[in-house]
S.K.: 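Here it is: the structure, laid out below.
The sequence lines fix the lettering, A, B, ..., with proteins before strands; numbering per chain opens at 1. Computation of the quantities below employed the complete heavy-atom set of this structure, encompassing side-chain atoms and omitting hydrogens, waters and symmetry-equivalent molecules.
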Protein chains: 2
Amino acid sequence: MGERGDWAAMRERRMAEPGAAEAYDAARLAFELGRAVRELRERRGWSQAQLAKGSGMTQSAVARFEAGGTVPTLPVLERLAAALDVSLSVSFEPRDAAA
Amino acid sequence: MGERGDWAAMRERRMAEPGAAEAYDAARLAFELGRAVRELRERRGWSQAQLAKGSGMTQSAVARFEAGGTVPTLPVLERLAAALDVSLSVSFEPRDAAA
DNA sequence: GGCTGGTATAGCATTGCTGCTATGACCTGG
DNA sequence: CCAGGTCATAGCAGCAATGCTATACCAGCC
């Protein structure tokens, strides 16, 4: 898989850095959130451009986010959730109960 | 309530801006996460400095975060969760089921 | 009083996420 | 083949969060 552009490679490098366990977790979280949003978006039959408009972003930002290109910020997640008509949940859970 | 420094005022200004519904949500989320971390920390009888050390931050960063001074980023939340030995949960939920 | 530990703030540099435009690849329909 | 729609990516500007140091405030204690 040679050609995926820069951020995919950057993310992998980030995950490979020594002592970057939490950064790794953040990258994985970003990846999974991207997948979740993509799924919600496609379930509604929306294009990236439509979701972008609904959440006050541009199509490129949506694409970047869905690809896990960056670790998103909470304001962005809130806006996406609002556009997708879901609610964003951020919380700390006991270690055992993996939400 | 005159003297709370700059960010408390900044946050309130942010929440008061028109058309900032999602930004408001983000600020509230920041506030609640700060309270949650403070509670977990105090429950363990730790000082801000101890938590800071455990999560690779400085005491001032912990104080700023607990006060809701800024909207935290996911990497920071991950590190705090790791230090507090809890797991961070970020997910989209159906609108009805308010987590 | 002075001392110490905990917390709150300030001011600054760095980092990195987002917003933007533009473009290229890929399909599909005409 | 060309047009249109969708998605991926590049490159850059702006800005916000973090990391840092230093400091002020406020206990409690000696």
S.K.: So, for A/R95 and B/V86, which heavy atoms are closest and what is the spacing to 0.1 Å?
M.R.: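 Closest pair (atom of A/R95, atom of B/V86, distance): NH1-O, 3.7 Å.
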S.K.: Once you round it to whole Å, what is the distance between P of D/dG5 and CD of A/Q50?
M.R.: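 Roughly 12 Å, once rounded to whole Å.
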S.K.: Using 4.0 Å as the upper bound for N to carboxylate O, is an ion pair formed by A/R41 and A/E66?
M.R.: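 Judged by the 4.0 Å cut-off on N to carboxylate O distance, A/E66 and A/R41 do form a salt bridge.
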S.K.: Using every non-hydrogen atom in the two residues, find where A/P75 and B/V71 come nearest and quote the distance to one decimal.
M.R.: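 That closest heavy-atom pairing would be CD-CG1, 3.8 Å.
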S.K.: Can we say B/R35 and B/E39 salt-bridge, meaning some charged N sits less than 4.0 Å from an Asp/Glu carboxylate O?
M.R.: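 No.
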S.K.: Need the bend value for the helix from C/dG1-D/dC30 to C/dG30-D/dC1: angle between end axes, 5 pairs each end, nearest 10°.
M.R.: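 The end axes of the helix from C/dG1-D/dC30 to C/dG30-D/dC1 are about 20° apart, to the nearest 10°.
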S.K.: For residues A/A30 and A/P72, report the shortest heavy-atom separation together with the two atoms involved.
M.R.: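 Shortest heavy-atom separation between A/A30 and A/P72 comes out as CB-CD, 3.8 Å.
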S.K.: DNA chain D: B/V76 or B/Q59, which has the more 5' nearest nucleotide?
M.R.: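 Result: B/V76.
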S.K.: Need to verify one output field. Residue with the more 5' nearest nucleotide on DNA chain C, B/S47 or A/G56?
M.R.: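 Upstream on the strand: B/S47.
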S.K.: Check whether any side-chain nitrogen or oxygen of B/R79 sits under 4.0 Å from OP1 or OP2 of D/dA17, and answer yes or no.
M.R.: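 No, B/R79 has no side-chain N/O under 4.0 Å of OP1/OP2 on D/dA17.
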S.K.: Kindly say if B/R41 contacts the phosphate of C/dT7, meaning a side-chain N or O under 4.0 Å from OP1 or OP2.
M.R.: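 B/R41 to C/dT7 OP1/OP2: side-chain N or O found under 4.0 Å.
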S.K.: For the pair made of CE in A/M57 and C1' in C/dC17, what is the distance, rounded to whole Å?
M.R.: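 Atom-to-atom, A/M57 to C/dC17, this comes out as 10 Å.
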S.K.: When you get a sec, tell me which of D/dG19, D/dT9, C/dT18 is the closest nucleotide to the side chain of B/A61?
M.R.: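 The answer is D/dG19, which lies nearest to the side chain.
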S.K.: Taking atom types as they are modelled, would you say the side chain of A/Q48 forms a donor-acceptor pair with the base of D/dA8 within the 3.5 Å cutoff?
M.R.: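 Side chain to base: no pair present.
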S.K.: When the distance from CZ of A/F65 to P of C/dC17 is rounded to whole Å, what number comes out?
M.R.: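 The distance from CZ of A/F65 to P of C/dC17 comes to 12 Å, rounded to the nearest Å.
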S.K.: From C-beta outward on B/R38, which listed nucleotide comes closest to its side chain: D/dG19, C/dT21, C/dA8?
M.R.: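 That would be C/dA8.
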S.K.: Check whether any side-chain heavy atom of A/W46 lies under 4.5 Å from a side-chain heavy atom of A/L84, and answer yes or no.
M.R.: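 Touching, per the 4.5 Å side-chain cut-off.
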S.K.: Kindly indicate whether the side chain of A/S60 and the base of C/dT21 share any N or O donor-acceptor pair separated by less than 3.5 Å?
M.R.: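 Flag set: donor-acceptor pair detected.
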S.K.: When all nucleic acid strands are considered with a 4.0 Å heavy-atom cut-off, which category describes B/V62: base, sugar-phosphate, or nothing?
M.R.: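 Touches nothing.
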S.K.: Mind calculating the distance between CG (A/L51) and C1' (C/dG19) to the nearest angstrom?
M.R.: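 After rounding, the reported distance stands at 15 Å.
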S.K.: Side-chain N or O of A/T58 versus OP1/OP2 of C/dT18: is the shortest distance under 4.0 Å?
M.R.: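 For C/dT18, OP1/OP2 do not have a side-chain N/O of A/T58 under 4.0 Å.
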S.K.: Write down the distance between CD (A/E66) and C1' (D/dT6), rounded to a whole number of angstrom.
M.R.: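 Distance check: A/E66 CD to D/dT6 C1' gives 12 Å.
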S.K.: Could you tell me how far apart A/K53 (NZ) and C/dG19 (P) are, to the nearest whole angstrom?
M.R.: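 Atom NZ in A/K53 sits about 16 Å away from atom P in C/dG19.
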S.K.: Let's see if you can work this out: which of D/dA17, D/dC20, C/dT18 has an atom nearest to the side-chain heavy atoms of B/T70?
M.R.: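 Nearest to the side chain of B/T70 among the choices is D/dA17.
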S.K.: What is the distance from CG of B/L74 to P of C/dG16, rounded to the nearest Å?
M.R.: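 My rounded result for the distance is 15 Å.
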S.K.: Considering only heavy atoms from C-beta outward, does the side chain of B/L29 approach that of A/L88 to under 4.5 Å?
M.R.: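 Yes, side chains in contact.
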S.K.: When the distance from CZ of B/R64 to P of C/dG11 is rounded to whole Å, what number comes out?
M.R.: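 It is 13 Å, rounded to the nearest whole Å.
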S.K.: Quick one: closest heavy-atom pair of A/S87 and A/A81, and the distance?
M.R.: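 Reported closest heavy-atom pair: C-CB, 4.4 Å.
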